[in-house]
Amino acid sequence: MAAHDATVTTPTGPGPARDFIRQIVDEDNRTGKWGGRVHTRFPPEPNGYLHIGHAKSICLNFGLAKEFGGQCNLRFDDTNPAKEEVEYVDAIQADVRWLGFDWEDRCFYASNYFGKLYAFAEQLIEKGLAYVDDQSQEEIRANRGTLTEPGTDSPCRGRTPAENLDLFRRMRAGEFPDGAKVLRAKIDMKSPNVVLRDPVLYRIKHVEHHRTGDAWCIYPMYDYTHCISDALEGITHSICSLEFENNRPLYDWVLDNLPVPGHPQQIEFARLNLSYTVLSKRKLIQLVTEKVVSGWDDPRLPTLSGIRRRGYTPEAIRDFCERIGISKAENMVDMALLEHCLREDLNRRAKRVMAVLRPLKVIIENYPEGQVEEIDFPYHPEDASLGSRKVPFSRELYIERDDFQENPPKKWFRLAPGAEVRLRYAYYVTCTGVVRDPATGEVTELRCTHDPATKGGWSSDGRKVKGTLHWVSAAHAKPAEVRLYDRLFTKENPSEGKGDFKDWLNPDSLEIIPDALIEPSLADFPVGERVQFERLGYFCLDPDSTPAKPVFNRSVALKDSWAKASR
RNA sequence: UGGGGCGUCGCCAAGUAGGUAAGGCACGGGGUUUUGGUCCCCGCAUUCGUGGGUUCGAGUCCUACCGCCCCAGCCA
């Protein structure tokens with residue numbers, strides 16, 4: 001090992017990983033390329049809601065700026081009015097804020113640059129680097145050539161700057177219908193890179209823009225707009241996804257040929273793929289408009305609004321984005337990692353409460369009728385600062401139906417005929433009998449006895465009990481609706497292979513339990529509060545909740561080693 | 001058959017003047033535990049897409065293959 005490694009942190013050392021982008025920034029700072037400046041931007045098109053894949057980009061761009069003492073802009077790439085809506089810009093802003101990032105006073109819109117963009121286009125024309133083409137869309141496509149054959153020049157390619165200027169001004173003035181003409185960059189119709197075969201810069205669209213109204217009837221294309229917007233904002237590192245690698249030469253061409261105030265470096269990284277879901281705007285939009293899900297914030301969706309409603313925390317998502325890393329390799333991240341990040345965060349902060357999803361009645365035969373004990377329950381076993389509350393205990397209780405088995409398998413810790421278990425923080429109880437439905441033979445009720453000497457859940461004689469069950473008092477429990485979510489798709493990558501991705505939708509992705517029972521203290525929790533139903537999972541009080549009918553979304557189940565062992 | 005990228009453990013991902021494969025998730029085993037949760041130990045790539053070559057030594061250099069992704073929107 002070289003001696004100069006002394007100050008370098010170890011691979012396991014603190015701080016964010018040195019992914020290749022951070023290394024580029026390090027190098028730029030070392031060489032003084034930007035004078036120490038680091039300025040990034042998150043540039044969504046407002047044509048849909050943000051999802052967990054965007055979170056990766058947001059964390060990267062805003063995180064990078066923060067780490068290097070720089071800034072990150074929010075910029076709406078709103079150059080295609082046909083697809084964009086204000087509803088989306090509002091939702092995007094709310095989601096970025098919720099994730100925990102702040103663009104301060106730097107929320108920009110590409111549409112704010114329409115005037116400058118237009119002036120730059122005239123300059124390109126004057127320099128003989130752009131021309132107006134009369135060809136139809138089909139002709140342009142045909143003349144572009146193929147991946148292996150060069151394209152052929154447009155008959156309009158030889159027009160003089162004066163002609164082009166006149167035509168372009170008339171395009172802008174609204175003299176031509178949609179599709180009649182376009183402005184094209186004059187680069188190289190024979191380029192092996194298809195992107196450089198005289199790309200379209202402006203198209204005519206007599207469409208109202210959500211911000212500029214009907215001020216324009218020509219709109220600039222992404223390739224022309226994005227690089228200039230970056231330059232105008234003083235961006236240093238323009239980070240985008242892999243599919244734009246082919247566009248980078250065009251990004252550079254535009255900036256090289258215009259008197260812009262700088263030349264940002266475009267850097268591409270691999271976008272996120274998550275198993276058992278889809279992260280393509282096109283597909284998400286389809287699920288929403290075809291009502292496969294209830295809306296953009298359906299808790300099964302990987303949208304930020306969806307997982308927020310599901311009970312995911314911004315902290316967990318940011319942690320996830322750090323853990324997956326940044327690279328240029330195509331990837332498919334295991335959903336289990338996202339769930340792990342959530343559990344880790346929630347385990348630390350969620351109050352533990354009791355709820356019974358599928359009730360089975362238990363009568364404590366030797367417990368006095370009419371007696372009620374208020375048992376003090378801590379809200380967290382390892383963090384007393386979360387406080388405690390009183391939970392009523394009485395002769396008639398409900399336990400989880402799954403916690404009783406009449407003919408238990410080996411290593412069964414829970415209740416069974418003759419078995420003794422602990423009711424959490426209450427008493428040891430022993431099952432002494434079962435009551436059945438005479439018609440179906442189904443067990444409808446359990447008879448138990450409790451050991452009064454085990455109050456609080458401890459036995460003084462040192463006898464141990466294998467299982468600890470959660471419970472609610474029948475007379476005091478309140479009703480609640482519980483929604484259990486599972487993966488949206490049954491296939492790891494529903495987008496792969498032939499066939500429609502919707503063929504892989506999981507029919508059991510949502511299970512509603514309309515009549516679960518919750519301990520009384522839970523009725524006072526605020527919407528959005530995240531709790532752990534002991535032994536069942538983490539839950540979040542849904543916005544649909546009313547005091548009369550609380551609705552809980554299960555954020556994620558607890559790890560279940562019994563389920564694993566019994567497999 | 002053109003051009004641009006990428007290939008390190010089941011899934012992510014470190015590795016960068018060539019020096020003898022980090023870490024996380026998942027998984028398996030053990031301990032603690034009033035959640036079969038948490039927590040704590042321990043295990044988990046003789047090998048870096050493949051074949052050659054250079055070298056005392058190669059994931060890192062050379063070379064030839066193979067595989068996967070992206071590009072022919074007046075979408076972004």
Side-chain angles (χ1 to χ4, degrees), chain A residues 1-2 10-13 17-20 23 43-45 47 77 79-80 82-83 133 135-137 140-142 144-151 178-184 191-197 199-205 219 221-223 225-226 240-249 268 270 272 275 281-282 322-341 343-344 347-348 352 354 381-382 411-414 422-426 456-458 465-470 492 532-537 558-566:
Chain A
M1 260 308 145
T10 62
T12 51
R18 292 283 95 178
D19 54 68
F20 78 99
Q23 289 179 36
E45 181 188 15
N47 67 343
D77 231 328
T79 57
N80 186 357
K83 289 185 176 178
D133 196 342
Q135 292 182 109
S136 69
Q137 189 162 184
I140 288 179
R141 176 164 41 238
R144 185 147 32 221
T146 69
L147 296 179
T148 54
E149 300 157 330
D178 289 6
K181 290 180 177 7
V182 291
L183 182 72
R184 289 230 258 173
S191 172
N193 181 353
V194 188
V195 171
L196 297 180
R197 318 242 260 232
V200 171
L201 267 23
Y202 268 91
R203 75 287 215 186
I204 300 171
K205 265 182 199 277
Y219 292 95
M221 300 287 289
Y222 163 86
D223 284 308
T225 307
H226 202 91
C240 62
S241 46
L242 245 30
E243 64 267 32
F244 292 103
E245 280 182 313
N246 298 316
N247 302 53
R248 191 170 66 231
E268 310 85 9
L272 171 69
S275 60
K281 238 184 234 179
R282 199 204 111 240
E322 256 180 50
R323 292 196 193 212
I324 56 178
I326 301 293
S327 77
K328 296 190 72 165
E330 296 287 341
N331 58 77
M332 174 65 71
V333 175
D334 195 335
M335 182 72 98
L337 179 59
L338 215 209
E339 295 177 340
H340 167 83
C341 292
R343 284 196 196 96
E344 193 173 82
N347 174 54
R348 222 169 31 223
R352 272 91 236 252
M354 293 199 292
E382 279 126 29
K411 291 170 70 178
W412 176 254
F413 294 179
R414 290 171 256 171
R422 169 166 44 228
L423 293 182
R424 184 145 213 206
Y425 289 118
W458 285 115
V465 109
K466 294 174 296 185
T468 299
L469 307 188
H470 55 101
E492 182 178 26
Q532 184 196 90
F533 288 173
E534 279 172 332
R535 313 205 313 124
L536 297 174
L558 254 36
K559 282 199 170 182
D560 186 356
S561 54
W562 163 251
K564 255 174 234 161
S566 53

Next item on the list: Can you tell me the pairing partner of B:G43 across any strand shown, Watson-Crick or G-U wobble, with both distances under 3.5 angstrom?
Entry: B:C27
Note to self: If you compare all heavy atoms of A:K411 against all heavy atoms of A:W562, which two are closest, and at what distance to 0.1 Å?
What the structure shows: O-CZ3, 3.6 Å
Next item on the list: Searching all strands shown, indicate the nucleotide that pairs with B:A13 (Watson-Crick or G-U wobble; both distances under 3.5 Å).
Entry: none
Note to self: I need the CZ-P distance between A:R197 and B:G2, as an integer number of Å.
What the structure shows: 13 Å
Next item on the list: Under the side chain to side chain donor-acceptor pair (under 3.5 Å) rule, what do A:T468 and A:R424 come out as? Steps first, then yes or no, please.
Entry: CA-CA 6 Å; A:T468 299; A:R424 184 145 213 206; over 6 Å; no
Checklist line | C1'-based separation of B:U8 from B:U20 [nearest Å] | finding: 16 Å
Note to self: For a quick test of reading the model, state the closest non-hydrogen atom pair linking A:L272 to A:N331 and the distance between them.
What the structure shows: CA-OD1, 3.9 Å
Next item on the list: Specify the closest pair of heavy atoms between A:K83 and A:N47, including all atoms of both residues, with the distance to one decimal.
Entry: O-CB, 3.4 Å
Item checked: RNA chain B: 5'-proximal contact among A:N193 and A:Y425 (nearest heavy atom) -> A:N193
Margin query: Once you apply a heavy-atom cut-off of 4.0 Å, does A:E339 come out as touching a base, just sugar-phosphate, or nothing?
Written below: nothing
Notebook entry, point to check: How long is the gap from CD on A:E268 to CZ on A:R248, to the nearest 0.5 Å?
Noted result: 4.5 Å
Check: Which is true for A:E268 with a 4.0 Å heavy-atom rule: it touches a base, it touches only sugar-phosphate, or it touches nothing?
Finding: nothing
Note to self: When the P atoms of B:G5 and B:A45 are compared, how many Å lie between them, rounded to an integer?
What the structure shows: 34 Å
Next item on the list: In whole angstrom, give the distance that lies between atom CG of A:L242 and atom C1' of B:C71.
Entry: 12 Å
Notebook entry, point to check: Where does the angle between the aromatic ring planes of A:F244 and A:Y222 fall among parallel (under 30°), tilted (30 to 60°) and perpendicular (over 60°)?
Noted result: tilted
Next item on the list: Determine the contact category for A:P381: base if any of its heavy atoms lies under 4.0 Å from a base atom, sugar-phosphate if only primed atoms, P, OP1 or OP2 are that close, otherwise nothing.
Entry: base
Notebook entry, point to check: Nearest-Å distance, CD (A:E344) to P (B:C25)?
Noted result: 7 Å
Note to self: Rounded to whole Å, how long is the line connecting atom CD of A:E534 with atom C1' of B:U35?
What the structure shows: 6 Å
Notebook entry, point to check: Quick one: is B:U35 close enough that its OP1 or OP2 comes under 4.0 Å of any side-chain N or O from A:H470?
Noted result: no
Notebook entry, point to check: Should B:A64 be called syn or anti, with syn set as within 90° of 0?
Noted result: anti
Checklist line | Residue A:E382, side-chain heavy atoms: nucleotide from B:C6, B:U38, B:G2 that is nearest | finding: B:U38
Next item on the list: Give the rounded distance in Å between these two atoms: CZ of A:R414 and P of B:G37.
Entry: 11 Å
Margin query: I want to verify the glycosidic state of B:G73; is it syn or anti under the 90° rule?
Written below: syn
Checklist line | Separation of the C1' atoms in B:A58 and B:G52, to the nearest angstrom | finding: 14 Å
Restricting to nitrogen or oxygen on both sides, can you table the protein-nucleotides 72-76 of chain B pairs closer than 3.5 Å?
unit_1, atom_1, unit_2, atom_2, d
B:A72, O2', A:R144, NE, 3.3
B:G73, OP2, A:R144, NH2, 3.3
B:C74, OP1, A:R144, NH2, 3.1
B:C74, OP2, A:R144, NH1, 3.3
B:C74, N3, A:G179, O, 3.4
B:C74, N4, A:Q135, O, 3.1
B:C74, N4, A:Q137, N, 3.0
B:C74, N4, A:G179, O, 3.0
B:C75, OP2, A:R203, NE, 3.1
B:C75, OP2, A:R203, NH2, 2.9
B:C75, O3', A:R203, NH2, 3.3
B:C75, O2', A:N80, ND2, 3.1
B:C75, O2', A:K83, NZ, 3.3
B:A76, OP1, A:T79, OG1, 2.6
B:A76, OP1, A:R203, NH2, 3.0
B:A76, OP2, A:Y222, N, 3.1

Note to self: Please give me the minimum heavy-atom distance between A:R352 and A:P381, naming the atom from each residue.
What the structure shows: CD-CD, 3.5 Å
Notebook entry, point to check: Say you pick atom P in B:A21 and the same atom in B:C65; how far apart are they, in whole Å?
Noted result: 31 Å
Next item on the list: Could you work out the separation of B:G24 and B:C61 based on their C1' atoms and round it to a whole Å?
Entry: 31 Å
Margin query: For A:K328, is there an ion pair with A:E245 - N to carboxylate O distance below 4.0 angstrom?
Written below: yes
Next item on the list: Starting from the 5' end of RNA chain B, give me the residue, A:E245 or A:P192, whose nearest nucleotide shows up first.
Entry: A:P192
Next item on the list: Rounded off to whole Å, could you give me the CG-to-C1' distance for the A:N331 and B:A13 pair?
Entry: 10 Å
Item checked: From CA spacing to verdict: side-chain contact (heavy atoms from CB on, under 4.5 Å), A:F20, A:I326 -> CA-CA 7 Å; A:F20 78 99; A:I326 301 293; 3.9 Å; yes
Next item on the list: Would you mind pulling out the nucleotide paired to B:C68, Watson-Crick or G-U wobble, both distances under 3.5 Å?
Entry: B:G5
Next item on the list: Assign A:R424 to base, sugar-phosphate, or nothing according to its heavy-atom contacts below 4.0 angstrom with the strands shown.
Entry: base
Item checked: Between B:G37 (P) and A:R535 (CZ): distance, integer Å -> 10 Å
Next item on the list: Sticking with atom P, work out how far B:C9 lies from B:A76, rounded to a whole angstrom.
Entry: 38 Å
Notebook entry, point to check: Would you say a side-chain N or O of A:S327 is under 4.0 Å from OP1 or OP2 of B:A13?
Noted result: yes
Next item on the list: Using salt bridge (charged side-chain N to carboxylate O under 4.0 Å, His left out) as the criterion, point out the one residue from A:R184, A:K181, A:R203 that pairs with A:D133.
Entry: A:R184
Notebook entry, point to check: With both distances under 3.5 Å as the test, what is the Watson-Crick or G-U wobble partner of B:U20?
Noted result: none
Please tabulate the protein-to-nucleotide N/O contacts below 3.5 Å involving nucleotides 28-33 of chain B, giving atom names and distances.
none

Next item on the list: Quote, to the nearest angstrom, the C1' distance that separates B:G10 from B:U16.
Entry: 28 Å
Checklist line | Euclidean distance for P, B:G51 against B:C39 (whole angstrom) | finding: 41 Å
Next item on the list: Can you tell me the pairing partner of B:U35 across any strand shown, Watson-Crick or G-U wobble, with both distances under 3.5 angstrom?
Entry: none
Check: Could one point to a donor on the side chain of A:N246 or the base of B:G3 with an acceptor on the other under 3.5 Å away?
Finding: yes
Notebook entry, point to check: Closest heavy-atom contact between A:R197 and A:T146?
Noted result: NH2-O, 2.5 Å
Checklist line | Which residues share a side chain to side chain donor-acceptor pair (under 3.5 Å) with A:R144, sequence neighbours left out | finding: none
Check: Given atom CZ of A:R18 and atom P of B:U16, what is their separation to the nearest angstrom?
Finding: 15 Å
